[in-house]
Structures are given as structure tokens and as C-alpha cells.
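As C-alpha cells, the structure follows; a few thoughts come after it.
Everything numeric in this text was worked out from a predicted model, so none of it was measured. Throughout, protein chains are lettered first and strands after them, A, B, ... in sequence-line order, and every chain is numbered starting at 1. Atom set for the values below is all heavy atoms of this structure, side chains included, hydrogens, waters and symmetry mates excluded.
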There are 2 protein chains.
Amino acid sequence: MDSLDEIDKSILKILQRDAKQTTKDIAAALNLTISPVYERIRKLEAQGFINKYVAILDQKKIGRPVTAICQVSMRYHNEAFIENFVNEIQHLEEVQECYHMAGQVDFLLKINVKSLEEYHDFVRYKLSKIDNIGVLNSTFVLKEVKHTSEFFF
Amino acid sequence: MDSLDEIDKSILKILQRDAKQTTKDIAAALNLTISPVYERIRKLEAQGFINKYVAILDQKKIGRPVTAICQVSMRYHNEAFIENFVNEIQHLEEVQECYHMAGQVDFLLKINVKSLEEYHDFVRYKLSKIDNIGVLNSTFVLKEVKHTSEFFF
DNA sequence: GCTGAAATGTTCGCTTA
DNA sequence: TAAGCGAACATTTCAGC
């Protein structure tokens, strides 16, 4: 009930590459009829293997070409400050990814903005306003070499 | 022909949150009929604003709980080595993201695997086999605080 | 940008192995 | 328990206004 067989894996492989494949298409690819594929997909959704379906936009076309990586260290490492930081980050729409890390740096953030100026404003008026931030180190992406949301099977 | 009005932006906002919203749903949300919404979506796809539609899977449920950040510096910075590295990375399915960075570190990679042992194997038998790698520094994600593919408007 | 109708896809109860 | 069939319903797609 909670583990995936080869057919489930094949379905997930297809859907994480292209969610617009119809049940019919997938059934054809797997030599099955529509019903079992339909039921498996519903099950994978219900059990939480599939979280959601999204449209992936083109960063450059929509005018947000600047990506920065920002490494943040906290001044004091107590629970309340950490929780506060985590909360604040959720509301900052410029932040696409944020990870609590092992090692010297506490958090690694991936930030997407229109321009370097906007990044400056983001750091100055939003990020550095969060309480208890110690060191804050920004580097910029020159080129996105690879970016996928696919997991391999 | 290449710029977005407010309606386009609203459509993109909806679709990057939930690609399963039907044309009908979106039309209702925007107080429009189906046709204009339908035509705009097709146009946004054709013009490349929307790259693709994908299913987002649950990292933990599918048994791939370990995420590592690996920072790579090249030994020599000539074009051929860089291009080789970029090429090799495309084929490594454990690598979800790879950025060519400004600054001391040349590349930042996000890697997703089943276990620390698998990460070890990845570094030893795949990553460090690539020619001309100098420094290689790994840190691990303790907690994914935020991860979205949405761009804000 | 709207209307409406044909084509396509989804959903689900029932049947079969 | 998992797969298949088929009918009812929903959505997509597109020509014509």
C-alpha cells in the first residue's frame, strides 16, 4: 500500500517529465488500458507520492534573469531565532529555495530577482531586517547549467 | 507580442501554483469566458513563457531523503575543461541543479540521493572522475525550509 | 473576444481473471 | 486484488461570427 512497483515508477517517471501526458498516452506507453493507469495515478496522488502539478516558466522570458545564492549564518543559535527566521523566509517571495544546512553556514538560499538593484533592495530591506542574522554572503549565478525537478528511479 | 499584461500574469500565477486548474476554472477566477483564457494559454506556451508542465513528487515518500550541496572548483579555467564539466553534469541523474557561479567557487550543485552511502559513491565514482576538478566541498541539508518553482509577479 | 458544437479526455460502476 | 469495458460526464479545441 505504500511501496511502488515498476508500473508505478514508470508512471511517476513520465509525469515528472510531462504532466500533460494523458492517461491514454501513459496507458499506451505501458501496454495497459486506461483504467488501471487512471487508478494508479489517483492512488499516487492520494498517498502523497505526487504532491502537485505545476507549470514551469521561463525565467528569462518573464524578466527575472538574476539568480543569487545567499549563505546566511545566525548570530545566536537558539530555537526561537531559528524558528523566526524560517517563518520570515516563507513570506519572502524572492526566495525560491531555502535549506537549513549542516556545517559552518546555517542557511543556504536561492533568490530570484529582476536585477542586481532589486537584489540589493531585497538584502537591505528584507533579508537583513530579520532578527539575529550574523554573516551574510552573496554570490551570483553566471549560468544555469542544469535545473530539474525530476528524481531518478 | 512579447510582453505580458495583467491577465497573462494572473494566468501564469495560477498555473505555476496548480497546472491542473482547468481553463474553465481560470476563466471563472478572472471573470472571463473560456475562449480568451484558452487562447492566452496557448500563446504563452507557444511564445515560451511556459516551458513545461510537470508533476512534483514527494522526496521522502519516494525514498530519496538526502540532499547535498556540493561546491566545485576547477583546477584550470580553460574553456574546454569547463565545457566538458558542463556536459558530464547533464548525464548525472543525481544532480538536480547545477550553477556556474561568480566568485571563488566555480560550480554549485544540488544533489539528491537515497543515502549518505549513495552520496559517497556518487562523489567517488562519478563526480570526482570528471577531468580537472580541483576542490570539492560537500555540505548536507538538514531541513528543506522552502522549495518552490514559482516566480513572483 | 464570444458562441457553440465536435473531438477528446476523465471518471466510475460493473465485469472478469 | 488488479485490470478491462463502456457509458456518462467534463474539458478542450477550433471554425465562424
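One hydrophobic cluster holds both B/I89 and B/I111 under the rule that ILVMFWY side chains link at heavy-atom gaps under 4.5 Å.
Per the geometry, CD belonging to B/E45 stands 11 Å off P belonging to D/dT12, to the nearest Å. Taking atom OH of residue A/Y38 and atom P of nucleotide D/dA3, one finds them 16 Å apart after rounding to whole Å. A straight line from CZ of A/R40 to C1' of D/dG4 spans 14 Å, rounded to a whole angstrom. Between the C1' atom of D/dA2 and the CD atom of A/E6 lies a distance of 17 Å, rounded to the nearest Å.
We find the CZ-CD distance between B/F151 and B/Q16 to be 7.5 Å, quoted to the nearest 0.5 Å. The distance from the OG1 atom of B/T67 to the CD atom of B/Q59 is 4.0 Å, given to the nearest 0.5 Å.
Relative to the six-membered ring of B/F153, B/K9 misses at least one condition, a distance below 6.0 Å or an angle of at most 45° to the axis. Judged by the 6.0 Å distance and 45° axis criteria, B/R64 is positioned over the aromatic ring of A/F152.
Taking a heavy-atom distance under 4.0 Å as the criterion, the stretch of DNA chain C touched by chain B extends 5' to 3' from C/dG1 to C/dT3.
Both A/K20 and A/E39 sit near DNA chain D, but only A/E39 has its closest nucleotide nearer the 5' end. Residues B/V37 and A/T22 each lie close to DNA chain C; by heavy-atom proximity, the contact nearer the 5' end of the strand is made by B/V37.
Side chain of B/S35, nearest nucleotide from D/dA3, D/dC14, D/dG6: D/dC14. For B/I34, counting side-chain heavy atoms from C-beta on, the closest listed nucleotide (D/dG4, D/dT12, D/dT11) is D/dT12.
You'll find the side chain of B/V37 stays beyond 4.5 Å of the side chain of B/I7, heavy atoms only.
An OP1 or OP2 oxygen of D/dT12 is reached within less than 4.0 angstrom by no side-chain nitrogen or oxygen of B/R42.
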